[in-house]
Amino acid sequence: MKGNAGQDSGHRAAGPPAIRAIHQATQEKLAKLGIADEFDLMLHLPLRYDDETHLYPIGDVPLNKAVQVEGNITHSEILFRPRRQLVCQVEDGSGSLFMRFLNFYGSQVKAYSKGVRVRLLGEIRSGFFGVEMVHPKCRVIHKHTPLPETLTPVYPSTAGLSSETLRRLIQQALQQIADNNQQREDLETLPEALLKRYRLPGFWDSVFFLHNPPPEASIALLQQRTHPAWQRIKFDELLAQQLSMRLHYQQRRSGSAPVLREKKELTSALLQSLPFQLTRGQQNAFSEIRKDLVTGHPMQRLLQGDVGSGKTVVAALAVLAAVENGYQAALMAPTEILAEQLYQKFSGWLDPLFAPRGLMIAWLSGSQKPKQRENMLASIAQGSASVAIGTHALVQEHVEFHRLGLAIVDEQHRFGVHQRLALRMKGTAARMVPHQLMMSATPIPRTLSMSYYADLDVSVIDELPPGRFPVVTKLIADERREEVTGRIREACRSGKQAYWVCPLIEESEALQLKTALETHGKLAATFPELEIGLVHGRLSAREKSAAMESFRKGETQLLVATTVIEVGVDVPNASLMVIEHAERMGLSQLHQLRGRVGRGGEASICILLYQKPLSPIARERLRIIFEHANGFEIAHEDLKLRGPGEFLGARQSGVPMLRFANLEQDGNLLAAAQTAASEFLREHPYAAQRHLQRWLGKKSEYLRA
Ligand code: ADP
Ligand code: MG
């Protein structure tokens, strides 16, 4: 269909070779549906089906069911009461019914006149006029028209392209293949053995069946997409995804990275100096990282752990593993506040170890003075800085590392694919790629990590440090906000600290700022006895860090903040959090914010103020955050609520989404595809490549990134 047909048939090795001429305007509409060639047409699968394979006698129609009848119009009239409508009586000898149209064209009035024979498909109801069909699908029958022999597929469509036209184009494409043995065989990408093992029907048979199911097929199984033909399509899609992830993984693991041996010099010294023992989860995570670092191949590991599980110290240990081998480590964080806080935390832990050895940490941020920044850049380039910490300022072009051995990305889900890749590209000379560790407190449900994250190794810290009290969550309607005032006064009087999080105003940053300033003013008037700090996105880095510092030191007792404090901020003495307009926030955001309290072995409270009326989805979010404390459970619910596309956010831009398989419903198929992928690659590497090409085509380009 496209000008570059030759190229297309090249990248889709197994696709039908001929591309039929289709009108330009139609092509554009097809493109809107993601249909670029005949293979796409074939995979444009029905949303649902109508059963038009037989006729019911009107005298014997079941109520409240979609049925098809045929008869002659015996009366046709436009009525004006109770409202304007076209009403026709249709009779077939066994009985009669009314069809009603509340919206209709003049052409319909003309067409549906007395004596005309019509075939109607619709739900039978008992209505105002008796047995009736409202807005049936109505076709005028001129002479004997045979009934279709298969169920009638209804396709997802777009404006200006009727389901009928789509049906015709799809049937044409199918017919062409049906007529050609070779093409039909070429469509099969899976080896016989695999089909047998997983009891899967053939590809062509499945596709043909889904577009032309016989009348005895179960519409329910088809529409729930559990029919074997559907299973086959979904399996193929999941298999392609697994293959691409697997190849991606193998490709990366075959690269070279610095060998970071276990020297136990600096790492042990840090462990001894910490005021706590690592949890078992932290120990496991670090030992998994350790194993990767000695292989000489680049680590690609995702460290997952709920908010407050202590990922930072694991990162510090990994950093030291690089430094004690003479390599540099970089640590990138998504916000200035978080980067600065990491810098302080690392300085506290590492300076005592670094100072006697002449090592130093560099700090890089977008708002630094040029002179200071130049010094930092020089020390990173010359290697006098062993560790560089900063925001995405770290991945800018002019940042050059002397010997980067490890790149760490904190709160990785906040970054786009390209920023994460860019940090890895800051690698050392001699074709060495640094090891990469990504950290995230947004836990990824199992099905997602098996699919979209299958190209990464994952370590999970599955416990919180001991002595933490779970945070008590309270939902309070905005009209009862005075109750909150008492709690704040009480908490601050007894030496604790509190956050007050201002509402998220997505449409306008200026308005968000205004709200923060107003809130600060009001709270200052309410609590004249308290020192109240303020942080928001418009403050300079210096002002932000000064505000955070006073709060950390306890000089301010109440901190009014926008969602800039969402990630990573760690002030253990803060044990009360109030979130205004909680109904506007997403689940992971609420969970992250709530995770700022409950860090100091103190019973903590998170108050979610909400404004009525709540939309159904907001109500659902508040219920979930109220009922669940565990980040994995929240993420799982969030995935159900939003679907994988939105859940994955930034990662999405680099990964083709699943069209057919549904991770909630198809967990078993996913597991099968995962096993099948290894076998397929091992035993039929050529066929595996062909399968991948077929399904991902050009989309697999990202794998080479
Ligand atoms: P997150 O995983 O959310 O990044 P942090 O690394 O910020 O969590 O850790 C949260 C808090 O827990 C910090 O104050 C940290 O020093 C402390 N912490 C980390 N590990 C332990 C541990 N094993 N025992 C006690 N406290 C710990
Ligand atoms: Mg953190």
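Order of listing sets the numbers, starting from 1, for every ligand and every atom in it.
- Glu583 and His581 form a side-chain donor-acceptor contact under 3.5 Å, judged by distance and modelled atom types alone.
- In summary, the side chains of His248 and Arg253 do not present any donor paired with an acceptor at a separation below 3.5 Å, with no hydrogens or angles considered.
- Contact annotation for Asp410 and ligand 1: no heavy atom of the residue comes within less than 4.0 Å of the ligand.
- Set against the non-hydrogen atoms of Gln277, the atoms of ligand 1 under 4.0 Å away are 22 (C), 23 (N), 24 (N).
- Applying the 4.0 Å criterion to heavy atoms of Thr279 picks out, from ligand 1, the atoms 23 (N).
- Of all atoms in ligand 1, numbered sequentially from 1 with element shown, those under 4.0 Å from a heavy atom of Ser309 are 2 (O), 8 (O).
- Put simply, the side chain of Arg403 gets close to the backbone of Gly326: a donor and an acceptor are under 3.5 Å apart.
- Looking at Trp349 next to ligand 1, no N or O pair under 3.5 Å apart turns up.
- The closest approach between Gly308 and ligand 1 falls below 4.0 Å for a heavy atom of the residue.
- Every N/O-N/O distance between Val307 and ligand 1 stays at or above 3.5 Å.
- Lys264 NZ: 12 or fewer foreign heavy atoms inside a 6.0 Å radius.
- Close N/O approach between Pro572 and ligand 1 is not found [any backbone or side-chain N/O within under 3.5 Å].
- Side chains of Asp306 and His591: a donor on one and an acceptor on the other come within 3.5 Å.
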- Message: Does Glu543 form a side-chain hydrogen bond (donor to acceptor under 3.5 Å, both in side chains) with Ser540? I'd like the steps, not just the answer.
- Response: CA-CA 5 Å; Glu543 291 166 322; Ser540 72; 3.2 Å; yes

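- At least one heavy atom of Lys345 sits under 4.0 Å from some atom of ligand 1.
- Distances below 4.0 Å separate heavy atoms of Thr312 from the following atoms of ligand 1: 4 (O), 5 (P), 6 (O), 7 (O).
- Remark: the Ser365 side chain and the Gln368 side chain contain no N/O donor-acceptor pair separated by less than 3.5 Å.
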